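Structure first, then comments.
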Amino acid sequence: MVEISMTVNGKPVTAQVEPRTLLVTFLREHLGLTGTHVGCDTSQCGACNVHVNGMLAKSCTMLAVEADGAEIVTIEGMAAPDGTLGVIQQAFQDHHGLQCGFCTPGMVMSAAALLRENPDPSEEEIRAFLEGNLCRCTGYHNIVKAVRAAAEAMG
Amino acid sequence: MTVAVHKPHPHDSAPLHVSGKARYTDDIPAPAGTLHLAFGLSPAARGRIRRLDLAPVRAAEGVVAVLGADDLPRPVDLSPAHAGDEPLLATGTVHYLGQPLFLVVATSHLAARRAARLAGIDIAGEKPVLTIDDAIAAGTDLEPPLEWRKGDAEAAIAAAPHRVRGRIEVGGQEHFYLEGHAALALPLEDGGMEIHASTQHPTEIQHKVAEALGLPMSWVRVSVRRMGGGFGGKESQGSALAVACAIAAWKTGRPCRMRYDRDDDMIITGKRHEIRIDYEAGFDADGRLLGVRFAHFLRCGWSTDLSLPVADRAMLHADNAYHLPHVTIRSRRLRTNTQSNTAFRGFGGPQGMMGIERVIQHVAATLGKDPLEVRRVNLYRPMAAVAAGEAAQTTPYGQPVEDSIIDALVDRLAREARYAERRAAIARWNAGSPVIKRGIALTPVKFGISFTLTHLNQAGALVHLYQDGSIRINHGGTEMGQGLNMKVAQVAAEAFSVPVEAVRITTTDTARVPNTSATAASSGSDLNGMAVKAACETIRARLTRFLAERHQCPEEVVRFSEGRVHVGTNVLTLAEAARAAHEARISLSSTGFYATPKIHWDRTRGQGRPFFYFAYGAAVSEVAIDPLTGETRILRVDVLHDVGRSLNPAIDIGQIEGGFVQGAGWLTMEELAWDERGRLLTHAPSTYKIPVASDRPRIFNVALWDGENREPTIYRSKAVGEPPFMLAISVHQAIAEAVAAAAGVPFVALDAPATPERIALAVRNARAGENAP
Ligand code: FES
Ligand code: FES
């Protein structure tokens with residue numbers, strides 16, 4: 001067991017974990033943050049995307065100990081403290097960018113990373129950026145629309 | 001004017017999805033002490049188990065119990081068909097590589113999975129039956145071949161001025177629901193069991209768990225809040241996890257949960273049926289089909305599962321939207337030593353349609369015609385002509401097609417997508433393009449709506465109106481992303497004329513609504529919407545009677561409209577009406593029930609009216625291929641689809657887009673591969689490619705046909721889950737056109753999926769004068 005400390009969604013967390021614990025397991029099972037999903041276990045689907053020190057990361061591909069000292073943001077940290085949805089979250093809802101919703105948290109985290117890097121992406125750029133996020137339901141059309149709409153709303 | 005239906009409300013769970021609050025089965029917080037399960041899998045595809053040494057598994061860290069087939073309280077058959085050929089754990093012999101042999105119960109998911117690898121397994125292997133050819137040679141039919149005949153196809157073909165014959169092979173498809181299978185069992189104080197599962201069929205799970213534990217069904221409660229996608233893959237194949245959890249919970253007295261790791265999910269569970277179709281057709285100079293013969297060969301996998309109805313539905317869609325005066329359809333359902341193929345969006349329908357669409361393409365090429373011309377002369381007689389007194393044409397199974405709008409729909413789509421113009425432009429473009437070639441195709445869809453097993457076409461509901469005017473609805477359907485709960489909530493809101501926000505809808509639960517059918521066959525909102533409507537109308541009728549009496553007026557003057565209850569000139573809120581009724585001791589709760597009318601079906605003779613109605617649609621796809629690399633690109637897609645009077649146009653358009661892209665994945669890039677030992681090589685997204693955001697059509701126009709269901713369905717809407725999937729056949733046909741252009745031949749027999757490899761080979765072989773691979 002090793003002790004790790006990090007900030008998750010603005011709150012400091014300290015815990016004892018087995019060294020082999022994956023970050024996604026730590027978030028889901030130790031912290032109960034089950035909005036981060038496991039879709040493939042092998043860093044292909046993006047359902048487990050979180051931000052680590054502002055960078056997009058697949059939390060199934062990272063050990064919790066590697067996140068020691070880091071600032072982590074998960075989907076649960078994307079809304080305002082009073083629950084008001086962020087612009088990207090609202091856009092996914094308004095533009096029907098989801099069906100079963102299982103890919104949605106990872107999509108929102110990816111979209112946020114994209115828009116931070118490139119506040120006004122073209123449709124082509126959005127599609128290229130989202131290649132690491134699988135969705136089996138929507139056909140991506142409305143997801144791309146939602147990201148575009150969010151970019152416009154953030155203007 | 002409606003207040004709630006026919007409106008584009010977003011998915012009811014959208015706020016939960018986008019904020020990470022939506023709970024899927026594996027997200028449900030479990031009590032302390034919950035155990036985790038994993039299956040130990042067979043390393044061989046076929047053979048006899050000589051030795052199964054579980055001692056090292058038992059000794060592994062974190063392991064609490066290990067169960068083999070002999071340790072189960074009683075033999076468990078998971079077969080949804082009650083075929084007796086699907087033991088939970090292998091007994092004596094193994095039938096596919098990946099078959100569960102034993103069950104590990106441990107303190108964590110990881111501990112269970114690690115221990116599952118440690119067994120000493122010795123199997124006396126036999127040569128597995130893997131392919132359709134293997135199965136034909138071995139004669140491993142699940143049941144005797146089924147044959148349906150209409151007229152005399154052989155004579156009609158023999159007498160026809162033109163004939164074609166050929167074969168198409170169409171691969172299977174992994175569901176790849178983003179959420180893998182998962183279940184959680186909580187043992188209750190009195191010996192009962194509570195199950196949470198990611199399943200399209202809670203009643204089936206309840207039934208199988210009860211059987212496995214020797215309990216009455218009433219002692220088992222199954223609930224499902226939502227699934228992270230199902231697509232048919234969670235109709236029957238979730239039973240293994242739920243039953244395993246229930247047995248482990250019963251043995252240990254502790255809560256047990258299980259989720260398949262993605263690789264395990266792909267290795268253990270069944271997929272879409274691969275099919276081979278041999279065809280022969282006789283036709284006239286216009287391309288009118290005079291006689292057609294089909295022989296279907298389906299690869300079913302190791303157990304019966306749902307293969308018989310899937311194969312039936314392939315036969316039922318062998319005509320697609322075309323009238324076949326003389327037709328014979330023969331079908332063989334072949335057992336193989338592979339995953340047990342199962343329901344998948346379309347349930348065999350897409351496979352059946354691939355056959356007739358290939359025939360059309362072949363006929364058109366033979367006559368040197370535009371395939372659309374050939375399609376048009378064969379389409380079923382329009383509804384308008386039937387209404388004007390012409391006889392309805394019948395399907396190969398004797399159902400009159402009375403509701404066909406496909407001719408007008410195809411005309412409108414061809415016009416709006418400028419099909420003829422673009423086809424001519426593509427021919428000119430191809431002539432000037434040395435390497436890259438384009439193709440365009442328009443294909444129709446006619447899909448039959450209803451379960452072919454007639455008794456499944458029923459649904460129940462339970463609706464409560466509370467004293468404060470709020471409404472809670474329960475129905476037997478399950479939410480897997482298709483927006484069923486929102487549609488049904490819209491129906492309830494409409495019944496009481498309140499905003500949809502006033503209606504609360506939550507978990508599907510066998511303790512609230514019993515004896516449900518699977519949420520499948522696109523029937524979710526048709527059946528459950530009607531059941532909920534019936535329940536709401538019962539409550540509304542009680543309120544009406546009560547208010548009429550109280551206000552001394554006839555019942556006709558009591559109206560529910562615009563969020564209010566009007567009693568003559570008195571206007572009440574629904575809350576006031578509910579409270580008054582409650583005080584007068586009127587029940588504000590009711591069940592509702594619906595059974596689809598008109599349908600009857602004899603599957604052995606292939607005769608009857610299996611479908612209440614048909615849903616129609618058509619798509620034009622334009623593609624470009626690079627014959628050197630075999631790469632394809634979908635340049636443009638135009639869809640016109642019939643959902644009757646849409647209950648929710650936003651949800652319906654989402655279903656169409658998603659279904660189309662999933663169908664295009666099936667036919668172009670999703671390829672399953674097994675090695676000669678029967679090991680699935682494509683068992684993760686690294687090797688099995690589903691469409692990503694950049695694979696989508698460059699231009700994608702989707703429009704809804706403006707019409708209503710001629711049958712009295714829920715607000716005259718039509719089912720939408722499956723039919724759009726088959727619109728993607730246009731992509732495959734367009735690729736085949738481009739391949740033919742690249743090879744400089746009129747016709748290429750292109751199989752599916754049309755992967756880059758297959759396309760490049762098809763071009764090369766066609767140029768060399770051979771048939772496609
Ligand atoms: S679960 Fe991490 S990428 Fe799929
Ligand atoms: S909404 Fe279901 S996987 Fe994307």
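Just so you know, these numbers come straight off a predicted model, no measurement behind them. FYI, side chains are in, hydrogens and waters are out, and symmetry mates aren't considered; it's all heavy atoms of this structure. Here is the naming used below: chain letters follow the sequence lines, and residue numbers restart at 1 for every chain.
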Requested in this report: Assess whether atom CZ of Arg116(A) is packed by more than 12 heavy atoms of other residues, nucleotides or ligands within 6.0 Å.
Outcome: yes

**Report entry** Minimum-distance pair of heavy atoms, taken over all atoms of Phe176(B) and Arg136(A)
**Finding:** O-CG, 3.2 Å

**Report entry** Side chain proximity check, Ile651(B) to His96(A), heavy atoms < 4.5 angstrom
**Finding:** no

**Report entry** Cys135(A) to Ile690(B) - nearest heavy-atom pair and separation
**Finding:** O-CD1, 4.5 Å

Query raised in the report: Which residue out of Gly659(B), Gly180(B), Pro691(B) racks up the most heavy-atom pairs below 4.5 Å with chain A?
Result: Pro691(B)

Query - Engaged part of Asp26(B) at the chain A interface, taking heavy atoms whose separation is under 4.5 Å - result: both

Query raised in the report: Heavy-atom distance under 4.5 Å to chain B: side chain of Leu85(A), backbone, both or neither?
Result: side chain

Requested in this report: Heavy-atom pairs under 4.5 Å with chain A are the metric here; pick the option from Gln482(B), Gln655(B), His109(B) that has the most.
Outcome: Gln655(B)

Query raised in the report: So does Asp41(A) pair up with Arg113(B), basic N to acidic O under 4.0 Å?
Result: no

Query - Between Gly35(A), Ala79(A), Cys40(A), Gly97(A), the one whose heavy-atom pairs under 4.5 Å with chain B are most numerous - result: Cys40(A)

Query raised in the report: Top residue by heavy-atom pair count (under 4.5 Å) with chain A, among Ser19(B), Gly654(B), Gly229(B), Ala22(B)?
Result: Ser19(B)

Query raised in the report: Around atom CZ of Arg117(B), are there more than 12 heavy atoms of other residues, nucleotides or ligands at under 6.0 Å?
Result: no

Query raised in the report: Pick from Gly483(B), Ser686(B), Ala664(B), Ala650(B): which one has the most heavy-atom pairs with chain A under 4.5 Å?
Result: Ser686(B)

Query raised in the report: Atom CD in Gln89(A), atom NE2 in His17(B): separation rounded to 0.5 Å?
Result: 13.0 Å

Query raised in the report: Should we count CD of Glu61(B) as having more than 12 external heavy atoms under 6.0 Å?
Result: no

Query raised in the report: Considering only heavy atoms, which portion of Val692(B) lies under 4.5 Å from any heavy atom of chain A: side chain, backbone, both, or neither?
Result: both

**Report entry** Region of Ile28(B) in contact with chain A, defined by heavy-atom distances below 4.5 Å
**Finding:** neither

Report summary line: Taking a cut-off of under 4.5 angstrom between non-hydrogen atoms, the residues of residues 8-16 of chain B near chain A are Pro8(B), His9(B), Pro10(B), His11(B), Ala14(B), Pro15(B)

**Report entry** Verdict with supporting geometry, Lys145(A) and Glu657(B), salt bridge (Lys or Arg N to Asp or Glu O under 4.0 Å)
**Finding:** CA-CA 13 Å; Lys145(A) 245 202 267 175; Glu657(B) 290 169 354; 5.4 Å; no

Query raised in the report: Heavy atoms, side chains only, cut-off 4.5 Å: are Asp27(B) and Arg28(A) in contact?
Result: yes

Query raised in the report: What part of Thr42(A) lies closer than 4.5 angstrom to a heavy atom of chain B: side chain, backbone, both or neither?
Result: side chain

Query - Residue pairs, two or more places apart or on separate chains, that pass ring-ring contact (aromatic ring centres under 6.0 Å, His included) and touch residues 122-155 of chain A - result: His141(A)-Phe700(B)

Query raised in the report: Should we count NZ of Lys7(B) as having more than 12 external heavy atoms under 6.0 Å?
Result: yes

Query raised in the report: For the residue pair Leu134(A) and Pro685(B), what are the closest heavy atoms and their distance?
Result: CD1-CB, 4.1 Å

**Report entry** Pairs of heavy atoms under 4.5 Å with chain B: top-ranked of Val108(A), Val144(A), Leu98(A), Leu130(A)
**Finding:** Leu98(A)

Query raised in the report: Checking salt bridge (Lys or Arg N to Asp or Glu O under 4.0 Å) for the pair Arg696(B)/Glu131(A): CA distance, chi angles, key distance, verdict?
Result: CA-CA 11 Å; Arg696(B) 66 70 177 86; Glu131(A) 272 188 359; over 6 Å; no

Report summary line: On a heavy-atom basis, the closest approach of Phe102(A) and Tyr24(B) is N-OH, 3.2 Å

Report task. Please look at Glu124(A) and chain B and tell me whether the side chain, the backbone, both or neither of the residue comes under 4.5 angstrom of a heavy atom of that chain. Result -> side chain

Requested in this report: Find out whether Ile653(B) and Asn142(A) are in side-chain contact, i.e. whether some heavy atom of one side chain is under 4.5 Å from a heavy atom of the other.
Outcome: no

Requested in this report: Please state whether the side chain, the backbone, both or neither of Glu123(A) comes within less than 4.5 Å of a heavy atom of chain B.
Outcome: side chain

Report task. Write down the atom of Val18(B), the atom of Gln93(A), and the distance for their closest heavy-atom approach. Result -> CG1-N, 4.1 Å

Query raised in the report: Relative to chain A, which segment of Phe231(B) carries a heavy atom at a distance below 4.5 Å: side chain, backbone, both, or neither?
Result: side chain

